[in-house]
Asks: 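Encoded as structure tokens, here's the structure I'll be asking about.
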Amino acid sequence: MKSITIQGVKRESVGKTSTRNLRNAEQVPCVVYGDKEPIHFAAPEKAFKGLVYTPEAHIVNVELEDGTKVETILQDIQFHPVTDRILHADFYQLNPDKAVTIEVPVRLVGRARGVVNGGVLRFNMRKLAVKAVPANLPDEIVIDITSMRIGHKKYVESLKNDNYTFAHPDNAVVVAIKTSRNAVADTDDEEEGSEEAAEA
């Protein structure tokens, strides 16, 4: 998985006044959980640009001025309801031997056969929650939809592998090709994989 580094300064005070002063200085109050004691720190708001405003998932290397270095994932982030500025960020410290759950983007490749024949692509799940040890966390889930015909679906079950598991039901539909008024008959009777077949 891709990584990004956020540099910050430990916070000695975590009260409302201190937090307000940080935000006025365009600093984001942050906390790292997962170890014995939470780590409170602040980081420049602009440091989050490559982490928050992107569909990609990242491992976040938190580096503080006192030499503390922690490998984390972003667990939660709060935005101002009007200005959309970042108000607070929570990180979770990674353990190489402990599985974590993180949302990763789904990327479709190819042009579905059913779409060529007039069907409509339904992309139901643009992100999937995967659980794995940090070394096995994927950057993205890639699905080749080229062979999908009208009525075919891709289920979570068909995406399983040995490196990670999904925090979704096996029968959750990730992508489907629906019929439409403009659809034309597919005259090729070649069979497709059972995981893509339409349900009655």
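In this text, all values refer to a predicted model and were calculated from it rather than measured experimentally.
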Asks: Determine whether I73 and M1 make a side-chain contact, defined as any pair of heavy atoms from C-beta on separated by less than 4.5 Å.
Replies: no

Asks: Please test E71 against I59 for side-chain contact (heavy atoms from CB on, under 4.5 Å), starting from the C-alpha separation and ending with a verdict.
Replies: CA-CA 7 Å; E71 190 176 55; I59 288 175; 3.4 Å; yes

Asks: Using the six-membered ring wherever Trp is involved, compare the ring planes of F166 and Y164 and label them parallel, tilted or perpendicular (cut-offs 30° and 60°).
Replies: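 Correct class here is perpendicular.
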
Asks: Do the side chains of M148 and I141 join up, straight or via other hydrophobic residues, at under 4.5 Å, putting them in one cluster?
Replies: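 Per the 4.5 Å side-chain linkage, M148 and I141 are co-clustered.
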
Asks: Is there a path from V60 to L137 through hydrophobic residues (I, L, V, M, F, W, Y) whose side chains come within less than 4.5 Å of each other?
Replies: no

Asks: Just how far is it from atom NE2 of H152 to atom CZ of R113, taken to the nearest 0.5 Å?
Replies: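 Spacing of NE2 (H152) from CZ (R113) equals 9.0 Å.
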
Asks: Are the side chains of T19 and H88 in touch, meaning some heavy atoms are under 4.5 Å apart?
Replies: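 No; the side chains remain at least 4.5 Å from each other.
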
Asks: Kindly give the heavy-atom pair with the smallest separation between E103 and A57, and that separation in Å.
Replies: O-CB, 3.6 Å

Asks: What is the distance from atom OG1 of T5 to atom NZ of K69, rounded to the nearest 0.5 Å?
Replies: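 The NZ atom of K69 is 9.0 Å from OG1 of T5, to the nearest 0.5 Å.
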
Asks: Report yes if the side chains of V156 and V174 come closer than 4.5 Å at any heavy-atom pair, otherwise no.
Replies: yes

Asks: So how far is it from N136 CG to N163 CG, rounded to the nearest 0.5 Å?
Replies: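 Between atom CG of N136 and atom CG of N163 there are 4.5 Å.
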
Asks: Please find the pair of heavy atoms, one from P96 and one from V133, that lie closest to each other, and give the distance.
Replies: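 Heavy atoms of P96 and V133 come nearest at O-CB, 3.8 Å.
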
Asks: For T146 and G110, which heavy atoms make the closest approach, and how far apart are they?
Replies: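 That would be OG1-CA, 3.4 Å.
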
Asks: First locate atom CD1 of I77, then atom SG of C30, and finally report the distance between them rounded to the nearest 0.5 Å.
Replies: 8.0 Å

Asks: Please check this pair: side chain of H80 against backbone of L87, looking for a donor-acceptor N/O pair closer than 3.5 Å.
Replies: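 No; judged by distance alone, with no hydrogens or angles, the pair does not exist.
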
Asks: Any side-chain heavy atom of P44 sitting closer than 4.5 Å to one from Q27?
Replies: yes

Asks: Would you confirm whether R85, through its side chain, and R23, through its main-chain N or O, come within 3.5 Å as a donor-acceptor pair?
Replies: yes

Asks: Given side chains that start at C-beta, do those of K160 and D170 come closer than 4.5 Å, heavy atoms only?
Replies: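 Yes, their side chains come closer than 4.5 Å.
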
Asks: Could you check whether any side-chain heavy atom of V106 comes within less than 4.5 Å of a side-chain heavy atom of L159, counting everything from C-beta outward?
Replies: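 The answer is no, as the side chains (C-beta and beyond) never meet within the 4.5 Å cut-off.
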
Asks: Is there a path of hydrophobic side-chain contacts, each under 4.5 Å between heavy atoms of I/L/V/M/F/W/Y residues, joining L51 to Y92?
Replies: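 Y92 and L51: separate clusters.
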
Asks: With rounding to the nearest 0.5 Å, note down the distance linking CD in Q93 to OG1 in T72.
Replies: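 Separation between the atoms: 8.5 Å.
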
Asks: Out of L108, V175, I177, which one pairs with K154 under the side-chain contact (heavy atoms from CB on, under 4.5 Å) rule?
Replies: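 That would be V175; it is the only one of L108, V175, I177 passing the side-chain contact (heavy atoms from CB on, under 4.5 Å) with K154.
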
Asks: How long is the straight-line distance from CD of Q78 back to CD1 of I86, given to the nearest 0.5 Å?
Replies: 11.0 Å

Asks: Which heavy atom of P29 sits nearest a heavy atom of R11, and at what distance?
Replies: CB-NH1, 3.3 Å

Asks: Of all heavy-atom pairs between A129 and T101, which one has the smallest distance, and what is that distance?
Replies: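 Where A129 meets T101 most closely, the heavy atoms are CB-CG2, 4.1 Å.
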
Asks: Hydrophobic clusters here meaning ILVMFWY residues chained together by side-chain heavy-atom distances under 4.5 Å, can you tell me if I6 and F79 are in one?
Replies: yes

Asks: Is any side-chain heavy atom of L64 closer than 4.5 Å to a side-chain heavy atom of I39?
Replies: yes

Asks: Mind checking whether V104 and E140 have side chains closer than 4.5 Å, heavy atoms only?
Replies: no

Asks: Check whether more than 12 heavy atoms from other residues, nucleotides or ligands sit under 6.0 Å from atom CD of E65, and answer yes or no.
Replies: yes

Asks: Identify the two heavy atoms, one from H58 and one from I4, that lie closest to each other, and give their separation to 0.1 Å.
Replies: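 Taking H58 first and I4 second, the nearest heavy atoms are CB-CG2, 4.0 Å.
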
Asks: Please say yes or no: joined through hydrophobic side-chain contacts below 4.5 Å, possibly via intermediate residues, are F41 and L94 part of one cluster?
Replies: no

